[in-house]
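Read the structure below first, then the notes.
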Amino acid sequence: IDCDGVADEMPELSDGDDGGDDEEQWMEEGDTEQVNVPCLFCDRLLSSVSATLQHCSTEHQVNVVDLIRKYNLDDYGYIKMINFIRLTVSTACCQVLPLPWDGEDFLRPVLQDDPLLQTDLEELCGEDGFDPSVHSPGTHDALLQRAQAAEERARRSEEALARAMEDLHKLKLLAQGLVLNTETSKSSNLGAVAELREDEDEAYFSSYGHYGIHEEMLKDKVRTESYRDFIYHNPDVFKDKTCKQTYLHKGLGSVFDMQAGNSQTFGRVKCHLLREAIDVTASLSALSVSPAQEVGSIHQSSCPSVLLSVTVSATQGYFLLFESMLDSVLYARDLYLSDSGSVYPDLCNISLAALGDRERHQDRIAFWEDVYGFDMACMKTAVVAEAVVEVVKADTLISEPTVIQTFDCNRVCLSELEFTSDFSLKITNTTECTAIVGYFDIFFDKGCSTKVMFSTGPQVTKTHWKQTVFLLEWPISVHAGEELQGKITVRKNKKDPRSLLVTFDLRDRKLTYSLQ
């Protein structure tokens, strides 16, 4: 291929500033073309619009420009008048009220490609030689009235557009709710997760089949050391107790329990690596009795010979409730726990705070408005609808945090894991709110001589849970000291009970996010 030859044949592209002379020349050539304009009242053809209007005024005593100003006609009114005159060929009816051409039928052209209908109204009324003081003494008042009428029409149009946009937004939310809330199976007291067949839930458990995710969680010192400290520093909670460990990785939790002195420990986690977990537990435990390890979902577990005194679970998901692992804790609690037993951690809460991070908002949302010179803003709707799990910089927080929900794991019901809560964020900086961030705190409290807690918030050491960010498509202006009021609704996706739908009502806008 001769690249040089191709380059020689390629025309030089204009950047928009060049070629102005050519365009002007083209326009001038277009102006020189002969145009035949039929008179409104006779068969005579004239060479231009201005000549035709002059002819109508001189020969037929009808001044079109005067009529436009007299009746304060807009573009539509002018079109109707021209079509009416051509259809009726009448001069007398132009002087009566109400206007005889007011019907919508007169918007249909009588003459195809009528040059009079292709004329700009402002240019027409500004033709050279027209003296407002001679032809229309009330021109100033008429123009003022016309401007006021145009302003009123614009105001009504804007109001109608705003109503239409609001209706469209409501219809969108309604359609989204109808789709996402479609019942895929009959509900029961067991909960949606417990009802999943093994083949339906296999993809979820398979996601834990690679060592990488377990390595990440074991390296999360905040998480692992908090569980260890709770077990080691509260031996009375475990002494001579039957304990079940759920989902504390690679059998490590069971070893902690045995070393704390509890008489019998069951461990249960379901993933493809848990066969190795049994071996890991045995090798780690220099104990006379090794903890029993079961492989499989908690919903498939056989009931132990005695009721459990303690259940310890590391089943928090992003935003606490993602993956619906807490559902399994409640299932095990109701099935296995004795009346005097306890679930640990026993308390947890979810908090929200406002974020002001223009750089991150530009990178994730505003980016789509100019992608290498192309407007891809239509993508923003899809991008905004997905909650983002990431580490938030503490210096981007622009409000004090507020707790929106607290769960007592020994008392909470399954239905209470879906909730609606009002919230108020006290703003600390005058800036723009670009997102709402959510995180959770965990507490080992009941009967503990040494209470232990940890937080997944942006103000403390990061964890593998990071934080959950709900980006706003349009930032909200906020002022230091004000209260940003809102409402949050958290519910399961009926089609995928391990994922979440989070809806915010914020400043008269409803924003729904998915966490999946």
Side-chain angles (χ1 to χ4, degrees), residues 158-159 162 165-166 169-170 173 222 318-321 347-367 369 380-381 383-407 419-443 453-463 465-491 500-513 515:
E158 288 178 357
E159 291 176 352
M165 291 295 291
E166 183 65 25
H169 183 68
K170 291 178 181 178
L173 293 174
V222 172
Y318 299 131
F319 200 58
L320 183 64
L321 300 176
L347 295 174
C348 46
N349 62 39
I350 302 175
S351 296
L352 297 178
L355 289 182
D357 191 343
R358 290 293 301 180
E359 181 179 351
R360 189 66 178 134
H361 189 274
Q362 172 67 37
D363 181 57
R364 290 281 304 183
I365 306 300
F367 159 78
E369 296 173 1
K380 291 199 294 184
T381 302
V383 174
V384 168
E386 275 193 25
V388 182
V389 176
E390 62 185 6
V391 176
V392 169
K393 298 177 182 177
D395 60 7
T396 62
L397 292 171
I398 59 169
S399 80
E400 297 177 3
T402 186
V403 175
I404 58 165
Q405 192 75 345
T406 298
F407 300 109
F419 63 91
T420 295
S421 176
D422 294 323
F423 64 86
S424 179
L425 301 176
K426 186 173 182 179
I427 301 299
T428 56
N429 292 24
T430 299
T431 181
E432 287 188 326
C433 176
T434 59
I436 302 295
V437 61
Y439 60 91
F440 61 90
D441 301 328
I442 297 298
F443 302 86
M453 69 83 61
F454 67 88
S455 175
T456 64
Q459 315 93 325
V460 294
T461 304
K462 70 175 182 179
T463 68
W465 287 289
K466 306 174 185 176
Q467 290 87 40
T468 303
V469 179
F470 306 95
L471 289 159
L472 305 179
E473 182 173 359
W474 304 106
I476 297 174
S477 295
V478 292
H479 300 277
E482 77 166 288
E483 300 279 345
L484 181 59
Q485 309 282 347
K487 181 170 71 174
I488 182 173
T489 300
V490 179
R491 55 195 171 95
L500 288 179
L501 295 173
V502 181
T503 300
F504 286 92
D505 287 283
L506 201 62
R507 291 274 178 95
D508 298 324
R509 301 297 294 174
K510 188 181 289 289
L511 309 164
T512 298
Y513 302 84
L515 192 58

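Position 1 is the first residue of the sequence, and the numbers go up from there. Worth knowing before you read on, the calculation uses all heavy atoms, side chains too, and leaves out hydrogens, waters and symmetry mates.
Contact of the M453 side chain with the D441 side chain is registered, since non-hydrogen atoms from C-beta on lie closer than 4.5 Å. Residues V478 and R507 are in side-chain contact: their nearest non-hydrogen atoms beyond the backbone lie under 4.5 Å apart. Looking at heavy atoms from C-beta onward, R360 lies out of side-chain contact with T396 at the 4.5 angstrom threshold. Using a 4.5 Å heavy-atom cutoff, the side chains of V437 and L397 are in contact. Residues L500 and Y318 fail the side-chain proximity criterion, which asks for heavy atoms closer than 4.5 Å. Between L506 and L484 the shortest side-chain heavy-atom distance falls below 4.5 Å.
The backbone N or O of T456 lies less than 3.5 Å from a partner atom in the side chain of Q467, making a donor-acceptor pair. Side-chain atoms of T428 come within 3.5 Å of backbone atoms of I398 as a donor-acceptor pair (strictly under, hydrogens ignored). Distance alone, capped at 3.5 Å, places no donor-acceptor pair between the T402 side chain and the L425 backbone. Put simply, the side chain of H361 never gets that close to the backbone of C433: no donor and acceptor are under 3.5 Å apart. Formation of a donor-acceptor pair under 3.5 Å by the T430 side chain with backbone atoms of A480 is found in this model.
Taking a cutoff of 4.0 Å between a charged side-chain nitrogen and a carboxylate oxygen, K510 and D505 qualify as a salt bridge.
The ring pair (Phe, Tyr, Trp, His ring centres under 6.0 Å) check on F470 picks up F319, F504, Y513, with sequence neighbours excluded.
Partner of I442 under the side-chain contact (heavy atoms from CB on, under 4.5 Å) criterion, chosen from L347, L320, V222: L320.
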